[in-house]
Amino acid sequence: MTNLSHPTLPGALPDKRQVAASFSRAAASYDSVAALQRAVGMSLLEHLPDPLMPSRWLDLGSGTGHFSRVLAERFASASGVAVDIAEGMLRHARGEQGGAQYHVAGDAERLPLRDASVDLVFSSLAVQWCGQFASVLAEARRVLRPGGLLAFSSLCVGTLDELRASWQAVDGRVHVNRFRRFEDYQRLCAASGFELLGLERQPHVLHYPDVRSLTHELKALGAHNLNPGRPAGLTGRARMQGFLQAYEAFRQPQGLPATYQVVYGVLRKPQA
Ligand SMILES: C[S@@+](CC[C@H](N)C(=O)[O-])C[C@H]1O[C@@H](n2cnc3c(N)ncnc32)[C@H](O)[C@@H]1O
């Protein structure tokens with residue numbers, strides 16, 4: 001697999017093998033630091049129309065399988081498939097009680113599933129790692145049965161801007177993962193052939209006592225900077241000091257903020 005570049009992203013996304021390796025390494029630490037991911041996934045579940053009775057669901061980018069277990073409880077008579085690009089995450093998920101019946105290694109842009117084989121595609125905070133969101137939409141549409149739903153959450157431009165701006169004050173290097181614009185999600189969803197039931201953006205702001213707590217958490221999640229163009233090796237003491245000082249300018253009474261701009265989308269595959 002090669003680096004991905006996409007006209008709607010300002011530059012290239014990380015190589016998918018690096019994404020898979022990084023998340024595999026993070027499988028053991030992920031759950032302990034995934035407060036935002038929990039909150040976003042729960043909020044995505046609340047976006048699902050009620051009643052909903054899928055006979056087969058897909059948890060796409062399932063990670064440690066937390067939401068596969070929630071889906072299995074919620075849709076007790078259905079069977080579930082978990083797909084993730086990181087083998088380490090799938091291994092971790094398989095080791096837990098409950099959740100999906102099947103754990104399959106695969107890429108959201110080329111799903112290893114048959115046409116019209118699921119009724120619900122649930123994907124929380126995974127597709128921001130995909131360079132071609134149009135391919136994710138096309139694949140979700142292919143594997144869904146007519147009338148089936150795609151519910152996704154993702155991140156868009158504005159995410160981790162405090163971190164980005166603080167590095168910007170020090171050097172011009174790529175220190176923070178890149179994100180698609182919300183307008184691109186709107187455009188790509190509108191062109192997808194899905195019926196759009198809802199698409200919105202909501203800021204979630206987390207607070208940290210210091211910058212190291214934030215960067216350690218990103219690493220424990222496997223979501224630290226993997227972009228091509230990121231600086232290699234150690235950051236010099238003076239640049240690091242400048243960076244920490246720049247981030248301090250954002251400090252609020254609750255601590256140092258890290259803003260996530262979360263996109264929530266719910267789409268239905270037309271019946272015809
Ligand atoms: C931030 S975690 C979210 C995990 C889980 N959905 C949750 O909310 O806890 C992102 C997951 O997406 C997976 N992922 C990244 N790119 C992917 C791709 N192209 N296809 C499938 N999974 C992918 C990663 O390996 C990782 O497990």
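Every number for a ligand or one of its atoms is a count from 1 in the order of the listing. All residue numbers refer to positions in the sequence shown, counting from 1.
- Taking 4.5 Å as the limit, some side-chain heavy atom of V81 sits within range of a side-chain heavy atom of V104.
- Protein heavy atom at the shortest distance from atom 19 (N) of ligand 1 is D107 OD1, 2.9 Å.
- Heavy-atom distances between V19 and ligand 1 reach below 4.0 Å in at least one pair.
- Classification of the Y185-F152 ring pair by plane angle, with boundaries at 30° and 60°, yields parallel.
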task = Mind running side chain to side chain donor-acceptor pair (under 3.5 Å) on Y208 and E217 for me, showing each step along the way?
result = CA-CA 10 Å; Y208 297 85; E217 184 172 297; 2.7 Å; yes

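- Between L36 and H204, the closest heavy-atom pair is CD1-CB, 3.5 Å.
- Listed by chain and number, the residues in a ring pair (Phe, Tyr, Trp, His ring centres under 6.0 Å) with F75 amount to none (sequence neighbours excluded).
- Those atoms of ligand 1 that come under 4.0 Å of a heavy atom in C130, given as number and element, are 19 (N).
- Donor-acceptor pairing under 3.5 Å is lacking for the side chains of S62 and S68.
- The backbone of S62, and not its side chain, has at least one atom closer than 4.0 Å to an atom of ligand 1 (non-hydrogen atoms only; backbone = N, CA, C, O).
- Summarising the contacts of atom 21 (C) of ligand 1 with G106, A82, S153, S22, the nearest heavy atom is found in G106.
- Using the six-membered ring where Trp is involved, F67 and F122 have ring planes that are tilted, between 30° and 60° apart.
- Ranking the protein heavy atoms by distance from atom 16 (N) of ligand 1 puts W129 CB, 3.5 Å first.
- Within ligand 1, counting atoms from 1 as listed, the ones closer than 4.0 Å to a heavy atom of A126 are 12 (O).
- With a heavy-atom cut-off of 4.0 Å, H66 does not touch ligand 1 at all.
- Distances from atom 6 (N) of ligand 1 to the heavy atoms of A27, S24, G61, G63 show the closest one on G61.
- Of all the atoms in ligand 1, the ones that sit under 4.0 Å from a non-hydrogen atom of A86 are 25 (O).
- Using modelled atom types and a 3.5 Å distance limit, the side chains of T259 and D161 yield no donor-acceptor pair.
- The 12-atom threshold is exceeded at CD of Q252, counting heavy atoms of other residues, nucleotides or ligands nearer than 6.0 Å.
- For atom 1 (C) of ligand 1, the nearest non-hydrogen atom from the set L221, L125, D84 comes from L125.
- Of the heavy atoms in L60, none comes closer than 4.0 Å to ligand 1.
- Nearest protein heavy-atom contact of atom 3 (C) of ligand 1 is Y30 OH, 3.2 Å.
- Here the heavy atom of the protein found nearest to atom 22 (N) of ligand 1 is I85 N, 3.3 Å.
- The shortest N/O to N/O separation between E109 and ligand 1 does not fall below 3.5 Å.
- Heavy atoms from both the backbone and the side chain of A108 come within less than 4.0 Å of ligand 1.
- Looking at residues two or more places apart in sequence or on another chain, you find a side chain to side chain contact (heavy atoms under 4.5 Å, CB included) between Q186 and F182, E183, L199.
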